[in-house]
Q: 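Would you mind keeping the following structure in view while I ask a few things?
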Amino acid sequence: MSVAVEATQRKLVTAGAALSARAGQQPRRGDVMALSRLDIHRRNRGERTLVTLAGDIGPATTPLLRAAVEQCLLDGVTVIDIDLTTVGSCDARGLAVLLSAARRAGRVHARLRLHHPCAQITRLLDATGSTSLLLADPASPLPPLASGDLMSSRTRAPEDRARRPDQPVLRDGIRLRRLTRRQVEDMSEDIADLAAEAVAGTAGKVYHDRGDFLQRLAVTTHRPGFALLVAETTVLVGCAFGFPVDSDASDGRHGGGTLQEIVQRLTSCARFVVLTQVVAHPHVQHRDIAHRLQQRLLTDLHSSLGVTLLHPSDRGARAALSSWGWQNMGEVVGLPGPVAPCLLTWSAEGQPGGTPMMRQCDARPPRRLPQSGVA
């Protein structure tokens with residue numbers, strides 16, 4: 001979609017001028033004053049928002065439109081319906097804003113759709129080849145919204161402070177969202193790109209191969225209780241995924257059997273969450289992002305303790321986890337794998353997960369185990 005949007009944007013200046021000439025709209029000194037008002041009303045329902053515009057989209061009002069749409073994306077909206085019933089005209093610059101917003105929405109698997117454009121806007125969409133990119137299907141009506149859903153009016157779209165409980169958690173412009181297994185499958189390449197970017201140029205890159213990451217994600221997806229959270233602005237900035245383990249676990253490979261017994265012996269916790277991967281993009285808020293992802297994942301899986309395993313030589317990952325509140329319990333022997341991994345724990349209550357130990361011995365010979373950890 002982004003290629004099509006970019007190609008469309010290159011047509012805007014000439015197409016917009018041609019349409020103005022066709023309609024007999026010669027530029028006049030008073031045009032900016034005539035197009036200086038645009039009222040913006042926003043109504044929310046869950047992760048869907050209706051933005052109703054009234055006025056004209058021109059040079060003086062385009063910044064208002066851009067700000068309103070960008071705020072929708074920051075608020076975690078996944079469907080942005082823009083009602084143009086009372087919009088008299090839109091110039092090429094305004095269309096460029098809508099196309100850019102549609103491209104950014106697509107990057108976070110959201111949608112922006114236009115409804116009820118006037119004849120001039122319809123011609124502009126047709127001339128630039130953007131009808132299919134922006135115009136909603138006539139079979140997709142605007143959502144019915146109650147008057148109580150009114151969020152804002154008159155040229156501003158401030159943040160909604162009374163969010164519904166079923167909406168993603170938003171703070172400081174970063175939202176947390178739990179994905180379904182289908183959504184994980186659709187976004188797996190984007191998540192793998194994020195993991196690769198997080199370790200690019202570091203010594204720890206050798207322990208975080210992209211192909212291994214995708215395989216680990218695919219395997220973990222099929223475990224009972226699997227959960228994956230993403231942190232987003234208008235792009236992905238973090239993710240965490242894992243699965244719960246309790247005293248009834250019978251999987252002796254990873255997350256059951258031996259690991260369950262060792263964790264219980266070290267921490268006295270029979271139930272915990274194996275955080276297969278925690279990823280936080282280099283970001284000014286990366287510690288807060290990681291902490292919130294970890295906290296939310298444990299809360300969703302009804303556990304107060306998270307554990308993960310790292311290659312003992314992966315110092316970069318250990319340092320990152322330590323800065324995010326993880327405690328290194330030492331290397332453990334007897335788990336499947338060519339080396340004795342480090343076991344790290346993280347407590348949702350902020351208390352140590354157990355007593356640090358240099359090594360937890362087990363007489364069974366090591367076998368190969370897919371590595372879990374952090375990027």
Side-chain angles (χ1 to χ4, degrees), residues 107-109 179 181-223 226-232 235-243 245 251-256 258-259 273-283 286-287 289-290 293-294 297 306-324 326 328-346 365-375:
R107 289 174 181 168
V108 294
H109 299 266
L179 304 185
R181 282 183 168 86
R182 180 63 181 271
Q183 289 172 325
V184 171
E185 182 180 346
D186 292 341
M187 292 183 63
S188 60
E189 294 293 334
D190 293 335
I191 295 170
D193 289 343
L194 173 69
E197 291 170 5
V199 296
T202 70
K205 183 178 179 180
V206 66
Y207 303 107
H208 301 279
D209 178 76
R210 190 178 189 277
D212 290 344
F213 176 90
L214 286 169
Q215 181 181 13
R216 187 162 56 250
L217 175 60
V219 169
T220 309
T221 301
H222 294 290
R223 292 190 178 275
F226 165 81
L228 184 146
L229 296 170
V230 293
E232 302 167 313
V235 295
L236 283 176
V237 293
C239 80
F241 61 91
F243 56 94
V245 173
D251 183 354
R253 294 171 297 166
H254 184 143
T258 302
L259 180 58
V273 173
V274 175
L275 278 88
T276 310
Q277 197 89 16
V278 182
V279 180
H281 191 275
H283 187 282
H286 72 94
R287 288 185 178 86
I289 292 170
L293 285 168
Q294 296 163 178
L297 189 62
V307 305
T308 194
L309 299 173
L310 289 178
H311 192 287
S313 299
D314 192 356
R315 297 179 180 177
R318 290 208 312 272
L321 285 169
S322 177
S323 72
W324 300 341
W326 288 76
N328 187 356
M329 307 298 290
E331 298 176 12
V332 291
V333 174
L335 291 178
V339 297
C342 291
L343 173 68
L344 292 88
T345 63
W346 187 82
R367 292 168 294 167
R368 184 169 179 80
L369 171 70
Q371 181 71 35
S372 68
V374 61

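What you see is a predicted model, and the numbers here were worked out from it, not measured in a lab.
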Q: Less than 4.5 Å apart, side chain to side chain, heavy atoms only: is that true for Thr276 and Arg216?
A: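 Yes; the side chains approach each other to less than 4.5 Å.
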Q: Locate the shortest heavy-atom distance separating Val333 from Ala340; write the atom from each residue and the value.
A: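 Between these two residues, the closest heavy atoms are CG2-CB, 4.0 Å.
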Q: Looking at Trp346 and Leu321, would you say the former's side chain and the latter's main chain have a donor-acceptor pair under 3.5 Å?
A: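 A pair under 3.5 Å: no.
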Q: Check Asp193 with Arg210, please: is the shortest side-chain N to carboxylate O separation under 4.0 Å?
A: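 A salt bridge links Arg210 with Asp193.
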Q: One pair to check against side chain to side chain contact (heavy atoms under 4.5 Å, CB included): Val274 and Arg223. What are the steps and the verdict?
A: CA-CA 11 Å; Val274 175; Arg223 292 190 178 275; over 6 Å; no
Q: So, do Ile191 and Phe213 sit near enough that their side-chain heavy atoms are less than 4.5 Å apart?
A: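 In contact.
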Q: What are the two closest non-hydrogen atoms of Gly242 and Leu297, and how far apart are they?
A: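 Closest approach of Gly242 to Leu297: N-CD2, 4.0 Å.
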Q: Answer whether the closest heavy-atom distance between the side chains of Leu310 and Pro341 falls below 4.5 Å.
A: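 No, their side chains stay 4.5 Å or more apart.
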Q: I'd like to know whether CD of Gln215 has more than 12 heavy-atom contacts from other residues, nucleotides or ligands below 6.0 angstrom.
A: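 Open: at most 12 neighbouring heavy atoms sit under 6.0 Å from CD of Gln215.
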Q: Within the 4.5 Å heavy-atom criterion, are His109 and Asp190 side-chain neighbours or not?
A: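 Touching, per the 4.5 Å side-chain cut-off.
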Q: Over all heavy atoms of both residues, which pair between Gly211 and Asp209 is shortest? Give the atoms and the distance, please.
A: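 Answer, listing the atom of Gly211 first, then Asp209: N-OD2, 2.9 Å.
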Q: Does any part of the side chain of Gln277, heavy atoms only, come nearer than 4.5 Å to the side chain of Leu217, both counted from C-beta?
A: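 No, too far: nothing below the 4.5 Å cut-off.
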Q: State, to 0.1 Å, how close Leu214 and Ala192 come at their nearest heavy-atom pair, and which atoms those are.
A: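 That would be CD2-CB, 3.6 Å.
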Q: Are the side chains of Leu259 and Leu343 in contact, using a 4.5 Å heavy-atom criterion?
A: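 Yes - at least one pair of side-chain heavy atoms lies under 4.5 Å apart.
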Q: Apply side chain to side chain contact (heavy atoms under 4.5 Å, CB included) to residues Trp326 and Leu275 and explain how you reach the verdict.
A: CA-CA 12 Å; Trp326 288 76; Leu275 278 88; 4.0 Å; yes
Q: Minimum heavy-atom separation for Ala290 to Ala280, with atom names?
A: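 Answer, listing the atom of Ala290 first, then Ala280: CB-CB, 4.4 Å.
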Q: Test of understanding: with side chain to side chain donor-acceptor pair (under 3.5 Å), list the residues that count as partners of Glu185, not counting sequence neighbours.
A: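 None.
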Q: Measuring from atom SG of Cys239 to atom CG of Leu229, what distance do you get when rounded to the nearest 0.5 angstrom?
A: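 Result: 9.0 Å between the selected atoms.
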Q: Are side-chain heavy atoms of Leu309 and Leu344 found at a separation under 4.5 Å?
A: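 No. Closest side-chain heavy atoms not under 4.5 Å.
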Q: Arg181 side chain to Thr221 main-chain N or O, any donor-acceptor pair under 3.5 Å?
A: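 It does hold such a pair.
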Q: For residues Cys342 and Glu331, report the shortest heavy-atom separation together with the two atoms involved.
A: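 Shortest heavy-atom separation between Cys342 and Glu331 comes out as SG-CG, 3.9 Å.
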Q: Compare all side-chain heavy atoms of Ser323 with those of Arg287 and state whether any distance is below 4.5 angstrom.
A: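 Yes, at least one pair of side-chain atoms sits under 4.5 Å.
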